[in-house]
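Here the structure comes first, spelled out in structure tokens, and everything after it is commentary.
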There are 2 protein chains.
Amino acid sequence: MPERTELRLTPQRTRVLEVLKAAEDHPTAAEVYERVRLAAPGIGSATVYRALALLVETGHALELNLGDGAAARYDANTSRHDHAVCERCGRAADIDHPVPDGMVAEIARRSGFTITGYDLQFRGLCPECQTAGEGNLPGRR
Amino acid sequence: MPERTELRLTPQRTRVLEVLKAAEDHPTAAEVYERVRLAAPGIGSATVYRALALLVETGHALELNLGDGAAARYDANTSRHDHAVCERCGRAADIDHPVPDGMVAEIARRSGFTITGYDLQFRGLCPECQTAGEGNLPGRR
DNA sequence: CAAACATTGAGAACGAGTCTCAGTATCGCG
DNA sequence: CGCGATACTGAGACTCGTTCTCAATGTTTG
């Protein structure tokens with residue numbers, strides 16, 4: 001895999017990376033763009049999208065696909081981890097419990113695919129929503 | 001739990017369901033639309049999208065979000081299974097190899113979530129794209 | 001310094017999907 | 001059967017997130 005490692009650190013890219021690192025949540029590209037604009041109003045969306053792609057490519061960020069047809073989310077925590085997504089409030093908890101290598105190998109063997117990775121999200125109710133009962137969900141579609 | 005149970009089986013909806021059931025692959029909505037048009041040239045895309053949403057809602061089909069901003073895909077096989085997605089051509093193969101219950105229980109215990117299910121997609125290269133080398137990808141952007 | 005190359009911002013273009021609207025089909029009921 | 005209420009349809013305009021194009025600007029290297 002022709003991994004790209006080098007990246008010219010322009011002011012724009014620095015800001016994108018800063019926003020990502022400061023983010024407590026897992027912002028979408030559009031959200032990153034919004035936040036970067038606060039600090040650098042003149043920046044173009046194309047630049048932010050390009051920067052994000054570059055950061056992912058160079059291993060400085062992860063792109064998460066949390067299903068649901070939602071837009072990809074970005075995460076400056078580049079270590080491998082999965083998520084448990086609350087079906088009620090949308091909160092995502094980090095899960096650090098990889099699928100066993102043996103299972104991946106077995107699936108590769110059966111399917112004929114060369115497996116380079118996987119995305120795994122658990123669905124359920126977070127502890128808060130379990131106790132909160134059937135009341136007030138926030139404005140999730 | 002199924003909010004909506006009734007569904008009027010119009011000719012258009014019947015065709016959409018037929019196409020889905022006949023599909024060996026996991027067509028996107030746009031592909032379903034194309035195929036339905038072969039049999040019913042006058043049909044509108046809105047009708048197909050509406051029919052697909054309805055089929056998913058009534059439990060006759062599954063909607064797969066295979067990540068990466070790709071279009072949703074539909075599957076008339078409504079039993080639990082996962083997918084391996086080709087990063088090159090987008091094709092999805094069925095994977096019938098569930099995550100062990102023990103692992104799910106362990107994750108529930110550690111995270112405090114009540115886990116009701118999970119979505120798992122493997123990424124990689126399908127057999128065809130492995131042998132096809134770096135040449136001719138289909139019209140994937 | 002100058003040519004070669006990389007990066008940028010603006011906005012056009014794109015593709016998937018949704019919405020609106022007027023017309024048509026179907027249903028329920030007297 | 002007749003008729004009004006309701007559901008469904010097709011066309012196409014529209015939205016939204018994202019990518020592309022391109023001229024301008026910045027940076028590197030010889």
Side-chain angles (χ1 to χ4, degrees), chain A residues 4-20 26-58 60-61 63-74 141, chain B residues 3-20 26-58 60-74 85 89-90 92 137-141:
Chain A
R4 171 142 179 206
T5 52
E6 195 176 341
L7 117 148
R8 195 188 281 178
L9 215 47
T10 65
Q12 290 87 345
R13 289 172 187 176
T14 305
R15 291 227 184 73
V16 169
L17 191 55
E18 275 167 6
V19 162
L20 257 199
H26 307 229
T28 63
E31 285 163 355
V32 172
Y33 174 44
E34 279 310 311
R35 294 177 199 181
V36 169
R37 275 216 291 185
L38 296 179
I43 201 168
S45 63
T47 301
V48 171
Y49 280 94
R50 278 182 296 227
L52 285 171
L54 219 47
L55 290 172
V56 169
E57 207 179 327
T58 55
H60 293 83
E63 188 183 274
L64 315 175
N65 289 292
L66 298 185
D68 193 21
R73 291 171 176 274
Y74 293 87
R141 60 168 162 122
Chain B
E3 250 337 292
R4 173 119 180 218
T5 50
E6 103 230 44
L7 123 146
R8 196 187 281 179
L9 215 46
T10 65
Q12 291 87 345
R13 290 173 186 176
T14 305
R15 291 227 183 74
V16 169
L17 191 55
E18 275 168 5
V19 162
L20 256 200
H26 301 86
T28 63
E31 284 164 355
V32 172
Y33 174 44
E34 279 310 311
R35 293 177 200 181
V36 169
R37 275 216 290 186
L38 296 179
I43 201 168
S45 63
T47 301
V48 172
Y49 279 94
R50 278 183 293 229
L52 285 171
L54 218 48
L55 290 172
V56 169
E57 207 179 326
T58 54
H60 292 84
L62 286 183
E63 185 183 277
L64 315 176
N65 287 292
L66 302 183
D68 201 17
R73 289 168 177 275
Y74 294 85
V85 185
C89 67
L137 18 180
R140 240 195 151 223
R141 48 178 158 122

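Chain letters run A, B, ... following the sequence lines, proteins first and then strands; every chain starts at 1.
At the phosphate of C:dG9, OP1 or OP2 sits under 4.0 Å from a side-chain N or O atom of A:Gln12. Put simply, B:Thr10 has no side-chain N or O that comes within less than 4.0 Å of OP1 or OP2 on C:dA25.
One interatomic measurement links the two molecules: CG of B:Leu9 to C1' of C:dA25, which rounds to 15 Å at whole-angstrom precision. As rounded to whole Å, 12 Å separates atom P of D:dG17 from atom CZ of A:Arg37. If you take CZ of B:Arg73 and P of C:dG17, they are 10 Å apart, rounded to a whole angstrom. In this structure, the CZ atom of B:Arg15 is 14 Å from the C1' atom of D:dC8, given to the nearest Å. As rounded to whole Å, 9 Å separates atom P of C:dG17 from atom CG of B:Leu52. Here C:dA16 presents its P atom at 14 Å from CD of B:Glu63, a figure rounded to the nearest Å. As rounded to whole Å, 11 Å separates atom P of D:dC8 from atom CD of B:Glu57. If you take OH of A:Tyr49 and P of C:dA10, they are 16 Å apart, rounded to a whole angstrom.
Closest approach of B:Tyr74 and B:Val56 over heavy atoms only: CE2-CG2, 3.9 Å. The two residues A:Arg13 and A:Arg8 make their nearest non-hydrogen contact at NH1-O, 3.0 Å.
For A:Ile43, taking side-chain heavy atoms from C-beta onward, the closest of the listed nucleotides C:dG17, C:dG9, D:dG10 is C:dG9. The side chain of B:Ser45 sits closest to C:dT18 out of D:dG10, C:dT18, D:dT27. Side-chain atoms of B:Ala46 lie closest to C:dC19 of the nucleotides C:dC19, C:dA16, C:dG11.
A:Glu18 places no side-chain N or O within donor-acceptor distance of the main-chain N or O of A:Arg15, the cut-off being under 3.5 Å. Under the 3.5 Å distance criterion, the side-chain polar atoms of B:Glu31 are matched with a main-chain donor or acceptor of B:Thr28. Formation of a donor-acceptor pair under 3.5 Å by the A:Arg73 side chain with backbone atoms of A:His26 is found in this model.
Between A:Arg50 and B:Tyr33, the residue whose closest nucleotide on DNA chain D is further toward the 5' end is B:Tyr33.
Note on A:Thr47: a base of the nucleic acid sits closer than 4.0 angstrom, heavy atoms only.
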